[in-house]
Amino acid sequence: MMVIVAGGAGFIGSHLCEYLLERGYEVICLDNFITGREKNIRGLLDDENFKFIEMDITEPLPEIDADWIFNLASPASPPDYMAHPITTMRTGSFGTYNLLELARKRDASILFASTSEVYGDPQVHPQREDYWGNVNPVGPRSVYDEAKRFSEALTMAYKRYYGLDTRIARIFNTYGPRMRENDGRAIPNFIAQALRGEPLTVYGDGSQTRSFCHISDMIRGLYLLMESRYSEPVNIGNPNELSILELAKLIIDLTGSDSRIEFEPLPVDDPKVRMPEITRIKEAVGWEPSVGLRDGLKDTIEYFRRVIG
Ligand code: NAD
Ligand code: UDP
């Protein structure tokens, strides 16, 4: 089986490439390194079943005879997508279109990596897949949220019009080794700050909530979803909700740091709550998360200790 992983040199993508290779798949990774890194896939380059093509998915794609396509290409951290607003929208429109066209021509199954951000600043809690969301279409986060919503709509159009075999995974906050220490998301920021003895920067009063999923659970969920025939959107995430202030304190505790907490302004349109309702994926493919936050964070802190020194 030949599998394309677009965005395969990123955090989630590189773990997915590894997981697929371990199971005997041939993997072709497409990435332009806008937010990914060569070092994430360096260990895979000698594997004869792994091929890397450095390219932008908004450019014409090579005619690869793939069976499966995972579309993970997109900046994902808010500071990353706000630094590259037009590129993010091009990737989530032209890029998604190019990969759907390739899937259609090759009769491949395609999974689109969507996000909990399609729910915006949600007025329904926890978020179920049948909630349509509360997105500001012109705010600074809209370049990401609307690109993802457009990609979901385009994916469903290909399914309905061409009968393409599609999947939509709405990924909730995921963390683990290989996140960039400076990517700006809460977990890498807090761990790097704690290990360096710098203040942890909590935005707002820290009462906003998130629910964090360990990378190993996420990869298993994405794989099981692709293996299934389930084409409605599904949330994948760990419903273990906590406030960002609690997260900062937990990371100080687990790192044994004497860093203090510093409060900074809350970014515009920052969602106040977020927690996935996961009945759908449990029923569709039998998936549920198995790694608790304390254990998952310990593993991630070990990685950052090695990287930061
Ligand atoms: P990441 O930034 O580490 O990885 C994204 C990868 O896509 C990078 O390697 C980047 O270089 C590549 N890329 C971006 N635009 C590209 C283009 N036009 N052509 C080729 N490659 C391109 O982010 P991640 O956390 O690994 O996220 C992966 C996917 O999962 C993204 O689509 C993201 O929106 C989605 N997602 C992630 C999370 C999370 O918590 N990590 C949450 C929700 C959704
Ligand atoms: N956040 C924070 N300090 C940081 C980075 C992020 O308080 O240094 C907050 C951010 O405002 C949000 C939450 O932590 O409320 C999660 O942010 P992240 O960027 O990880 O992901 P998001 O869920 O916003 O996409």
Side-chain angles (χ1 to χ4, degrees), residues 5-17 29-38 40-41 53-59 61 70-82 84 87-96 98-99 111-118 121 141 144-145 147-148 151 169-176 178-180 182-193 199-213 215 218-219 222 235-237 243-245 247-248 251 261-274 276:
V5 181
F11 160 53
I12 298 180
S14 59
H15 285 278
L16 180 64
C17 289
C29 167
L30 312 178
D31 206 294
N32 65 353
F33 292 130
I34 186 170
T35 54
R37 295 184 293 189
E38 193 268 340
N40 289 343
I41 51 165
I53 303 175
E54 183 171 347
M55 68 165 299
D56 186 327
I57 60 156
T58 66
E59 301 294 331
L61 298 176
F70 287 89
N71 179 8
L72 274 67
S74 170
S77 154
D80 281 346
Y81 61 71
M82 289 187 215
H84 302 287
T87 304
T88 299
M89 295 205 83
R90 284 178 55 83
T91 299
S93 51
F94 298 115
T96 300
N98 282 344
L99 287 169
L111 181 150
F112 175 63
S114 187
T115 167
S116 49
E117 283 277 330
V118 299
D121 187 8
R141 296 177 91 95
Y144 182 68
D145 302 7
K148 292 290 186 181
S151 290
R170 291 186 180 152
I171 299 175
F172 281 64
N173 297 64
T174 301
Y175 68 97
R178 299 207 189 121
M179 294 186 97
R180 285 186 354 258
N182 58 352
D183 94 351
R185 290 183 267 197
I187 288 186
N189 267 11
F190 291 167
I191 296 179
Q193 290 162 341
L200 273 65
T201 52
V202 168
Y203 303 156
D205 62 6
S207 63
Q208 70 272 30
T209 69
R210 295 293 187 273
S211 311
F212 293 96
C213 182
I215 184 68
M218 180 56 58
I219 298 299
L222 291 170
N235 293 336
I236 311 185
S243 76
I244 293 301
L245 186 57
L247 174 72
I251 288 176
I261 290 174
E262 200 169 78
F263 292 91
E264 292 192 0
L266 191 66
V268 176
D269 294 335
D270 199 285
K272 286 181 257 327
V273 289
R274 183 179 292 156

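Everything quoted here is computed from the prediction, not taken from an experiment. Read the numbers this way: they start at 1 and go in the same order the structure lists the ligands and their atoms.
Closest heavy-atom approach to atom 4 (O) of ligand 1 among the candidates Gly10, Ala147, Ser151, Cys29: Gly10. With atom 13 (N) of ligand 1 as the reference point, the heavy atom nearest to it among Thr87, Asn32, Thr115 is part of Asn32. Heavy-atom proximity to atom 5 (C) of ligand 1, evaluated over Gly36, Ser74, Gly13, is greatest for Ser74.
Listed by atom number, the atoms of ligand 2 under 4.0 Å from Pro78 heavy atoms are 19 (O), 24 (O), 25 (O). Applying the 4.0 Å criterion to heavy atoms of Gln208 picks out, from ligand 2, the atoms 9 (C), 11 (O), 15 (O).
In this structure, Glu262 has no heavy atom closer than 4.0 Å to ligand 2. Ligand 2 lies out of reach of Gly204, whose nearest heavy atom is not under 4.0 Å from it. Contact between Ser77 and ligand 2 is absent, with no heavy atom of the residue lying under 4.0 Å from the ligand.
In terms of protein heavy-atom proximity, atom 38 (C) of ligand 1 is closest to Ile171 CG2, 3.7 Å. Looking only at protein heavy atoms, the nearest one to atom 34 (O) of ligand 1 is Tyr144 OH, 2.6 Å. The protein atom (non-hydrogen) at minimum distance from atom 3 (O) of ligand 1 is Phe11 N, 2.9 Å. Counting protein heavy atoms only, atom 29 (C) of ligand 1 is closest to Leu72 O, 3.2 Å. Here the heavy atom of the protein found nearest to atom 5 (C) of ligand 2 is Tyr203 CE1, 3.4 Å. Scanning the protein heavy atoms around atom 20 (O) of ligand 2, the nearest turns out to be Ala186 N, 2.8 Å. At the shortest separation from atom 2 (O) of ligand 1 among protein heavy atoms lies Thr35 OG1, 2.6 Å. The protein non-hydrogen atom at the shortest distance from atom 37 (C) of ligand 1 is Ile12 CD1, 3.7 Å. In this structure, atom 19 (N) of ligand 1 lies nearest to the protein heavy atom Ile57 N, 3.0 Å.
Residues Asp270 and Arg210 are paired through a salt bridge, judged by an N-O separation under 4.0 Å between the basic side chain and the carboxylate.
For Arg185, a nitrogen or oxygen atom sits less than 3.5 Å from a nitrogen or oxygen atom of ligand 1, counting backbone and side chain alike. Considering backbone and side-chain N/O atoms, Arg180 never comes within less than 3.5 Å of an N/O atom of ligand 1. For ligand 2, one of its N or O atoms has an N or O atom of Asp270 under 3.5 Å away. Of the N or O atoms in Asp31, one or more lie within a sub-3.5 Å distance of an N or O in ligand 1. Of the N or O atoms in Arg274, one or more lie within a sub-3.5 Å distance of an N or O in ligand 2. For a threshold of 3.5 Å applied to N or O pairs, the pair formed by Ala73 and ligand 1 contains no separation below that value.
Proximity of Ser114 to ligand 1, defined as any heavy-atom pair under 4.0 Å, is confined to the backbone N, CA, C and O atoms. Under 4.0 angstrom from ligand 1, the non-hydrogen atoms of Phe33 all belong to its backbone. Residue-level proximity to ligand 1 for Asn173 is carried by the backbone, the only part with a heavy atom below 4.0 angstrom.
Between Thr174 and Phe11, the closest side-chain pair of non-hydrogen atoms falls below 4.5 Å.
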